[in-house]
Amino acid sequence: TGQISVGRTEKDFDNPLFEDVSATTLAGRLSWAARPRTTFSLYGSRQFEESTAVGDSFYISELIGVSVSQEIGSRWTASAYYNRTNDEFESGRMDDINDYGVGLDYSLRRWLSIGAQYSVVERDSNVPGNDYEDEILSLFLNGSFELGTR
């Protein structure tokens with residue numbers, strides 16, 4: 001299966017210190033069920049984002065990623081992903097981000113699951129002091145409910 005989105009973003013700033021800008025935005029995902037219980041996805045995007053950095057009103061973020069999900073038995077699902085992002089700020093700042101992780105999900109009911117995910121985010125910037133590495137352990141509870149009348 002696949003999906004492609006194309007759009008245009010325009011920002012007209014009230015503050016005369018910021019130049020009005022526009023950019024094309026793109027997003028896409030291609031997923032393949034290699035076997036009934038294994039799914040691979042390749043995805044990417046180019047987004048126009050507002051910046052919180054001093055001196056920058058926006059940046060362009062380009063992402064490419066891959067993920068895999070494997071059902072193990074009738075209740076367990078293992079997953080892994082890798083994302084590579086390049087953020088280019090209007091001031092010339094460039095950040096390269098590697099984001100990767102693994103997760104495990106257990107289905108308690110057809111509509112309820114619990115799980116954990118371990119992720120690492122590494123940022124490398126051409127601006128001194130903006131580099132970092134985060135390790136993230138997430139615990140989650142997912143529910144799926146249908147509302148409606150019969």
Side-chain angles (χ1 to χ4, degrees), residues 1-34 37-72 76-108 111-147:
T1 61
Q3 177 183 359
I4 295 176
S5 302
V6 178
R8 185 102 180 132
T9 300
E10 294 184 13
K11 296 245 184 232
D12 297 325
F13 292 99
D14 291 336
N15 187 337
L17 297 176
F18 294 127
E19 183 180 331
D20 294 344
V21 291
S22 62
T24 300
T25 57
L26 307 165
R29 175 178 291 272
L30 181 62
S31 295
W32 175 48
R37 304 175 78 150
T38 306
T39 303
F40 295 94
S41 292
L42 177 64
Y43 46 90
S45 66
R46 181 180 192 275
Q47 301 294 322
F48 178 81
E49 304 285 350
E50 289 186 39
S51 175
T52 58
V54 175
D56 288 309
S57 59
F58 71 93
Y59 64 96
I60 301 295
S61 182
E62 295 178 340
L63 174 141
I64 187 161
V66 61
S67 66
V68 62
S69 149
Q70 172 68 50
E71 292 181 22
I72 304 167
W76 291 94
T77 302
S79 60
Y81 74 94
Y82 172 79
N83 296 328
R84 171 73 176 188
T85 305
N86 296 317
D87 292 342
E88 184 175 342
F89 293 76
E90 66 179 315
S91 65
R93 173 181 160 187
M94 306 252 329
D95 292 353
D96 295 322
I97 303 159
N98 289 303
D99 175 9
Y100 50 92
V102 294
L104 194 58
D105 185 66
Y106 181 76
S107 180
L108 296 167
W111 54 271
L112 181 65
S113 67
I114 60 172
Q117 179 172 296
Y118 173 75
S119 304
V120 176
V121 179
E122 301 167 337
R123 178 184 295 263
D124 181 29
S125 180
N126 67 347
V127 174
N130 285 346
D131 298 345
Y132 67 81
E133 182 176 313
D134 280 340
E135 293 185 57
I136 304 160
L137 179 60
S138 304
L139 304 174
F140 54 89
L141 178 67
N142 288 322
S144 173
F145 304 97
E146 290 185 31
L147 300 176

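For the numbers below, each heavy atom of this structure counts, side chains included, while hydrogens, waters and symmetry mates do not.
Put simply, the side chain of Trp32 does not reach to within 4.5 Å of the side chain of Thr38, judged on heavy atoms. Residues Val21 and Glu90 form no side-chain contact, since every pair of their non-hydrogen atoms from C-beta on lies 4.5 Å or further apart. A heavy-atom distance below 4.5 Å is not found between the side chains of Asp99 and Leu63. Counting heavy atoms from C-beta outward, Glu122 and Tyr100 have side chains that approach closer than 4.5 Å. The closest side-chain heavy-atom distance from Asp96 to Arg84 is below 4.5 Å. A 4.5 Å side-chain heavy-atom check between Leu104 and Trp76 finds at least one atom pair inside the cut-off. You'll find the side chain of Leu141 reaches within 4.5 Å of the side chain of Leu112, heavy atoms only. Considering only heavy atoms from C-beta on, Ile114 stays 4.5 Å or farther from Phe140 through its side chain.
Residues Ser69 and Thr77 share a closest heavy-atom pair of OG-CG2, 3.7 Å. Of all heavy-atom pairs spanning Gly65 and Leu42, the tightest one is O-CD1, 3.3 Å.
More than 12 heavy atoms of other residues, nucleotides or ligands shown are found within 6.0 angstrom of CD on Glu49. Taking a 6.0 Å sphere around CD of Gln3, one finds it holds 12 or fewer heavy atoms contributed by other residues, nucleotides or ligands. Within 6.0 Å of atom CG in Asn15, more than 12 heavy atoms from other residues, nucleotides or ligands are found, so the atom counts as buried in its surroundings.
With 3.5 Å as the limit, one finds a donor-acceptor pair spanning the side chains of Tyr118 and Glu135. Using modelled atom types, one finds no donor on one side chain facing an acceptor on the other under 3.5 Å when comparing Thr25 with Gln47.
Shown here are the ring-ring contact (aromatic ring centres under 6.0 Å, His included) partners of Tyr81, two or more places apart in sequence or in another chain: there are none. In this structure, Thr1 has no side-chain hydrogen bond (donor to acceptor under 3.5 Å, both in side chains) partners at least two apart in sequence or on a different chain. For Ser138, the side-chain hydrogen bond (donor to acceptor under 3.5 Å, both in side chains) criterion is met by no residue, not counting sequence neighbours.
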Step-by-step side-chain contact (heavy atoms from CB on, under 4.5 Å) determination, Glu10 to Asp20:
CA-CA 8 Å; Glu10 294 184 13; Asp20 294 344; over 6 Å; no

Derivation of the side-chain contact (heavy atoms from CB on, under 4.5 Å) call for Thr85 and Asp95:
CA-CA 8 Å; Thr85 305; Asp95 292 353; over 6 Å; no

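A donor-acceptor distance shorter than 3.5 angstrom exists from the side chain of Asn126 to the backbone of Gly92, with no hydrogens or angles considered. The backbone N or O of Ser125 sits less than 3.5 Å from a side-chain atom of Asp131, completing a donor-acceptor pair. In this structure, Arg46 contributes its side chain and Thr24 its backbone to a donor-acceptor pair below 3.5 Å.
How far CG of Leu30 is from OG of Ser41: 8.0 Å, rounded to the nearest 0.5 Å. Here the straight-line distance linking atom OG of Ser22 with atom CZ of Phe48 works out to 7.5 Å at 0.5 Å rounding. Here the CD-CG distance, from Gln117 to Leu137, works out to 9.5 Å after rounding to the nearest 0.5 Å. One distance of note links OG of Ser67 with CZ of Arg29; it measures 5.5 Å at 0.5 Å rounding.
At least one cation-pi condition fails for Arg123 and Tyr132: the charged atom is not both under 6.0 angstrom from the six-membered ring centre and inside a 45 degree cone around its axis.
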